[in-house]
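Each remark here refers to the structure printed beneath this line.
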Amino acid sequence: KLRAASASMASCCCPIIASFVSFLLVFPVLFSSAAGNGSTFGEEQLGLRRMKARLARVREASVKTIQSPDGDVIDCVPSHLQPAFDHPRLRGEEPAARPGNDHAMEDDDEEEVLPQTWRSSGEWCPKGTIPVRRTTEGDLLRASSVRRFGMKPRSAAARRDSTSNGHEHAVGYVSGGQFYGAKASLNVWPAQVSSPAEFSLSQIWVISGSFGNDLNTIEAGWQVSPELYGDNSPRFFTYWTSDAYQETGCYNLHCAGFVQTNGRVVIGAAITPVSAYGGRQFDITLMIWKDPKKGNWWLQLGPSGALVGYWPSSLFTHLGARGRGGADMVQFGGEAVNTRPSGSHTPTQMGSGRFPGEGYGRAAYFRNVQVVDWDNNLIPAAGLRLLADHPGCYDIAGGQGGAWGSYFYYGGPGRNVRCP
């Protein structure tokens, strides 16, 4: 019998980023890797200059730094000086007021919207600021391309027929209409990623446009990415693109775009606690929805629906239109990168690393899968289709009814006897 997850949504002054001298010494090595991604040496140099300038602006704007026990450094940045407003379409703006409220920032109460490791420091950012995870020299040194730091590879895709580029999915999706948001609860796992060049994530995609060069996506969930974060901790993330992952968009706050309005959540920080095999399950509730008046896409988190921030409508083409401009497809599930180390399938895990058949307490799940309709109402995701690229590696199986509504289990271990 299925049971709902028992999920309770579970300072010191830091030195500034170290000198970039060592980075410049190894830059030719990075360039040789970046060349494989289509970047020229000049483009990488330009990317480095822009990144250094952006990091300097964040450091200069920071009014307080917090040292997280896991090594992350958190900068407290005034909300109107956050990275989003470097975007040419957003310059001079301030955070938009919350729909139905005159205030831009979430109230600084004691509610724990999302338990994260940095919170155990016991410190908070001052009112009127947002916490920003600091990008370090080490983060840049791990990147295959500085110019595309914080971006998914151009080969990334948001649908099933993407296996030729090494991105494998086990997802549920709805299409064939207009959707104005999505909501689901998903449990968080310490998925094992075998190579720094790979990642494993679980997320919601809101998608519009063709799968050519004008694809618009809005994405949020949890991910394990050693290259991006330097460890194997599951971390809360956001993403967006307006041109099919070509030149726009990024993870978290690594570029101008997403506007954060919550001073209690660090986008890109580790989530704790996580689910345990055969033990307590910890899940997070995510909701993405479109403000019908201004066209911005808001991200909510937790049972109370605390607002994290929004993707401005001006970032997008298809998703940017006000009023009836919705999504063509909404997708829920997991994605893992398979670089085929040693010529065989990667052992990188998706979800818990277990197949759906193991069920509650062992397999990863999405429950209460819903979409937002034209009248801004949450409704069950009727006609949810389940697809797995390689069921022998990562699979998916779902059901309907009870307290979980529409749900599915998904994931797998990657390389095994069924997935050589």
Side-chain angles (χ1 to χ4, degrees), residues 1-7 10 160 163 166-173 184-195 198-204 221-226 231-237 270-286 331-341 344-369 384-400 402-420:
K1 182 178 179 181
L2 293 174
R3 295 175 290 134
S6 74
R160 181 173 179 262
T163 55
H167 291 249
E168 301 184 12
H169 302 81
V171 299
Y173 73 92
S185 297
L186 55 155
N187 56 350
V188 181
W189 291 89
Q192 297 301 301
V193 175
S194 67
S195 165
E198 298 177 343
F199 65 71
S200 181
L201 58 77
S202 299
Q203 68 170 74
I204 297 173
W222 63 264
Q223 71 175 161
V224 176
S225 177
D231 60 24
N232 281 284
S233 298
R235 293 170 177 267
F236 174 58
F237 81 94
I271 301 171
T272 184
V274 296
S275 299
Y277 182 78
R280 183 183 178 189
Q281 301 300 289
F282 176 79
D283 66 20
I284 59 176
T285 300
L286 300 173
Q331 187 169 282
F332 311 80
E335 177 183 355
V337 174
N338 172 29
T339 60
R340 296 192 63 80
S344 57
H345 195 284
T346 180
T348 285
Q349 300 175 340
M350 180 188 292
S352 68
R354 304 287 179 143
F355 285 115
E358 295 201 30
Y360 183 80
R362 294 170 174 80
Y365 64 74
F366 274 70
R367 62 178 176 88
N368 301 110
V369 176
L384 186 71
R385 299 181 182 181
L386 306 180
L387 293 169
D389 292 331
H390 294 296
C393 308
Y394 313 111
D395 205 358
I396 186 167
Q400 179 75 39
W404 278 25
S406 181
Y407 68 90
F408 59 82
Y409 291 99
Y410 70 100
R415 185 193 308 158
N416 67 91
V417 292
R418 297 166 52 200
C419 177

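In this chain, numbering begins with 1 at the start of the sequence shown.
At least one donor-acceptor pair under 3.5 Å links the side chain of N416 to the backbone N or O of G392. Judged by distance alone, with hydrogens and angles left aside, the side-chain atoms of E168 form no donor-acceptor pair with the main-chain N or O of G166 at under 3.5 Å. In terms of modelled atom types and a separation under 3.5 Å, the side chain of S352 and the main chain of R362 share a donor-acceptor contact. Without hydrogens or angle criteria, S202 side chain to G333 main chain gives no donor-acceptor distance under 3.5 Å.
For Q203, the side-chain hydrogen bond (donor to acceptor under 3.5 Å, both in side chains) test picks out E219, with sequence neighbours left out. The salt bridge (charged side-chain N to carboxylate O under 4.0 Å, His left out) check on R354 picks up E358, with sequence neighbours excluded. Remark: W222 engages no residue in a side-chain hydrogen bond (donor to acceptor under 3.5 Å, both in side chains) (not counting sequence neighbours). Applying the ring pair (Phe, Tyr, Trp, His ring centres under 6.0 Å) criterion to F332, with sequence neighbours excluded, gives no partner residue. With sequence neighbours left out, T346 forms a side chain to side chain contact (heavy atoms under 4.5 Å, CB included) with S194, E198, N338, P341, T348, Y394. Judged as a side chain to side chain contact (heavy atoms under 4.5 Å, CB included), and not counting sequence neighbours, the contacts of S406 are V369, L384, Q400. With sequence neighbours left out, the side-chain hydrogen bond (donor to acceptor under 3.5 Å, both in side chains) criterion links S200 to no other residue. Every residue was checked against the side chain to side chain contact (heavy atoms under 4.5 Å, CB included) condition with N368, not counting sequence neighbours, and none meets it. Among residues two or more places apart in sequence or in another chain, the side chain to side chain contact (heavy atoms under 4.5 Å, CB included) test is passed with R385 by Y173. With sequence neighbours left out, the side-chain hydrogen bond (donor to acceptor under 3.5 Å, both in side chains) criterion links D231 to R235.
Minimum heavy-atom separation, P234 to V188: CB-CG1, 3.8 Å. In terms of heavy-atom proximity, N187 sits nearest to A364 at OD1-CA, 3.4 Å. Listed here is the closest heavy atom pair of P226 and V193: CD-CG1, 3.8 Å. Heavy atoms only, all atoms of each residue included: V417 and P420 are closest at O-CD, 4.3 Å. When every heavy atom of Q223 is checked against every heavy atom of L201, the shortest pair comes out as CB-CB, 3.6 Å.
Among residue pairs with one or both ends in residues 404-420, none qualify as salt bridge (Lys or Arg N to Asp or Glu O under 4.0 Å); sequence neighbours excluded.
Between Q281 and Y365, the closest side-chain pair of non-hydrogen atoms falls below 4.5 Å. Contact annotation: the side chain of C419 never approaches that of H390 to less than 4.5 Å [non-hydrogen atoms, C-beta and beyond]. Within the 4.5 Å cutoff, side-chain heavy atoms of F366 are placed close to those of L186.
The distance from the NE2 atom of H345 to the CZ atom of R340 is 7.5 Å, given to the nearest 0.5 Å. Distance check, rounded to the nearest 0.5 Å: CG of L387 to CD1 of I396 gives 8.0 Å. Rounding to the nearest 0.5 Å gives a distance of 7.0 Å between OG of S225 and CZ of F199. The OH atom of Y360 sits 13.5 Å away from the OH atom of Y407 when rounded to the nearest 0.5 Å. In this structure, CZ in F408 is found 13.0 Å from CZ in R367, a value given to the nearest 0.5 Å.
The ring of Y410 has its center no closer than 6.0 angstrom to the ring center of H169.
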